[in-house]
Amino acid sequence: MTFLDALNPAQRRAVEFFEPRPLVVVAGPGTGKTRVLSHKIAYLIKEKGVAPKEILAITFTNFAANEMRDRIESLVQESPLCTTFHAWAYTLIREVLGEEAPFIIDELDALALFKEAIKLSGLKSAGSARQLFKEIGLIRQSYPPKRSEDWGKRSLFLFYQALLSRHRVVDFDELMLLALSLLKDESLLKTIRKRWPHVLVDEFQDVNGVQVALLERLSPKYLTLIGDPDQSIYAFRGSDPRALERFVSTHPDAEVITLETAYRCHGEVLGCAASLLSDKSASKKALKAEKGHGPKVEIRGFPGPREEARWIARTIESLTGALSFEAINFSGNVPTEDGAFSLGDVAILTRTRSSVNAIKEALSRAGIPFLETYGHTLAQDRCLRSFIRLISISRGENPAFHKRRLEEEAHMGPNEIDECLRAISKGELKEVLRKIGGDPEDALYRAFLKQVTTTNITGAMPLELGSDVDLLGVRLDAVHLMTIHGAKGLEFPVVFIPRCESGMIPIEGGDEEEERRLFYVAITRAVTRLYITYSSASGGKSPFLERFPEGLYLEEFIKSKKKAPRRPKGPRQGSLF
DNA sequence: GTGGAGAAGATTTTT
DNA sequence: TCTTCTCCAC
């Protein structure tokens, strides 16, 4: 009896594959992707005598890296380097360039510099700076490097790069490009290859061109790529659903293992999900629901978003047994299943952040606690941003750049900055925070102050700042509100997908295939219950729902019992008040 | 440099 | 519909 006995045959083959050629694992939703990765690493250490320091596990997010580390440590006591592409690249850069290494700036600072570049170049920009920056970003994330045909854009980008190097900073994209160019040095490459003969990459469908190039350059002796092309939902930041396919076609020696048993979702959910995939997709027929059948997917239509939101709130009350007085008087058709789930089991997934407003209002009214977990990074808070700059200056991390940004962004004078710096050196952090307009008693700032004083955030601040949710360590029994993108990699016993209307899912102007994959990801988060709702007032039922196979879902249109509210204006978004 | 008015945008997100 | 930027007057 070993730890490998817990694996199914395909998982086990992937774990035990030990040959000096690439292994590609195609892992659909709920097929045990993280399980395979963590067991594979444990297997290398335990059974193959590989030293943990010879293993490099690369993920996309800090969250995933931490999860991976925990999973491995529960199997073997030691753990290898589990890191993100960006953090790994920066470590490499520091190792090679030492004190000469540039500092990392985040997206907001990058955009500010880009705007400066627009001014310097004197070019009349077509479109907004933001849009242009995004466009150039996509070019920089592709590899081999695409060249913009537009002469103006090219020279604009040269101005931007000049600004970056003048300030000795790199943005996240340049960070990857710099690492790639450093690895052109053969002796360095040799050292790195020797150091990590085993490299494992999670969520390979999310890599961008430069990251693929980096891996190709590295070409470790033992490479494992794991991913699912059907869950590729980051084309807007340079990833390509065909990355796995392309890798396999350029590496004919690669072993491909497809995990076909899905443990998370039952047959009804998987059947509806499969209807969204293109016929070429491997998962379309392959995925088998280990659980067999379960409840049907429920589709509900409403006259407007408010009725929809109210119904969702009532249904949550009913599912969790959190019945309020109001609920008892509610006349809508709500499933009765008192107390089968806890509030934390429930997730509401939306395409955009703003489309959740009506639901927030309905939940508040019903007294249902909820937690919004959007990828809201700390550094988006104006005041915290200035505070972080002051801390950076006091640590000698890119002081000139941050001083300049403080003057331009927060309109602080040199004297004011010096005053704050003196206060920091005396340890009066709260005073400083107050001075720049923050409230040190605010929970977010308190948590941040604690982090600053207890941990030593080094050079790569933008890499290490998490979200406010991470920082506050919120663990509440509350309904989760998040975007579909944010829910990737997670699962919930009960999932609601509201506003499933054309124009929203798929979103207007979006790429149909990518929107289908996105909806596929949303649906496959559901472990037990899946409710998909729409309102006819805004856009009407999503065309994606028409694809669902007969017999796997129940559909009902719920008319308001009250007089239909007068709504002469067309589509409307619910607002909070 | 501050403040108000008016215009221009506007998915999705991690590092 | 709400937010953010820009420009102009003070």
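So you know, we letter chains A, B, ... as the sequences are listed, proteins then strands, and number each from 1.
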OP1 or OP2 of B:dT15 under 4.0 Å from side-chain N/O of A:N62: yes
Atom-pair distance (CZ on A:F236; P on B:dT14), nearest Å: 9 Å
Minimum-distance nucleotide to A:T61 side chain [options: B:dT14, B:dT11, B:dA10]: B:dT14
Gap between atoms CZ and P, on A:R499 and B:dT11 respectively (whole Å): 15 Å
Sugar-phosphate, base or nothing in reach of A:F60, heavy atoms under 4.0 Å: sugar-phosphate
Backbone N/O of A:D171 and side chain of A:E174: donor-acceptor pair under 3.5 Å: no
Short side-chain N/O contact from A:T483 to OP1 or OP2 of B:dT13, under 4.0 Å: yes
First encountered from the 5' end of DNA chain B, between A:H485 and A:F85: A:H485
Any residue meeting ring-ring contact (aromatic ring centres under 6.0 Å, His included) with A:Y234, in chain and number order, not counting sequence neighbours: A:F236, A:H485
Pairwise side-chain contact, A:V170 with A:I93, heavy-atom cut-off 4.5 Å (strictly under): no
Closest to the A:E107 side chain, choosing from B:dT13, B:dT15, B:dT11: B:dT15
Parallel, tilted or perpendicular, as decided by the 30° and 60° cut-offs, for the rings of A:F133 and A:F114: tilted
Rounded distance (Å) that lies between atom P of B:dT12 and atom CG of A:N208: 21 Å
Short side-chain to backbone donor-acceptor contact, A:E308 and A:R499, under 3.5 Å: yes
Given DNA chain B, 5'-ward residue of the pair A:D173 and A:R130, judged by closest heavy atom: A:R130
Whole-Å distance separating the CG atom of A:L108 from the P atom of C:dT4: 11 Å
d(CZ, A:R140; C1', B:dT15) in whole Å: 13 Å
Residue A:K115, side-chain heavy atoms: nucleotide from B:dT11, B:dT13, C:dC5 that is nearest: C:dC5
Between P of B:dT12 and CD of A:Q231, the distance in whole Å: 20 Å
Protein-nucleotide distance (A:D202, atom CG; B:dT14, atom C1'), rounded to Å: 14 Å
Side chain of A:H86 - closest among B:dT13, B:dT15, B:dA10: B:dT15
Sugar-phosphate only, base, or nothing, as touched by A:K488 at under 4.0 Å among non-hydrogen atoms: nothing
A:R237 CZ - B:dT15 P separation (whole Å): 9 Å
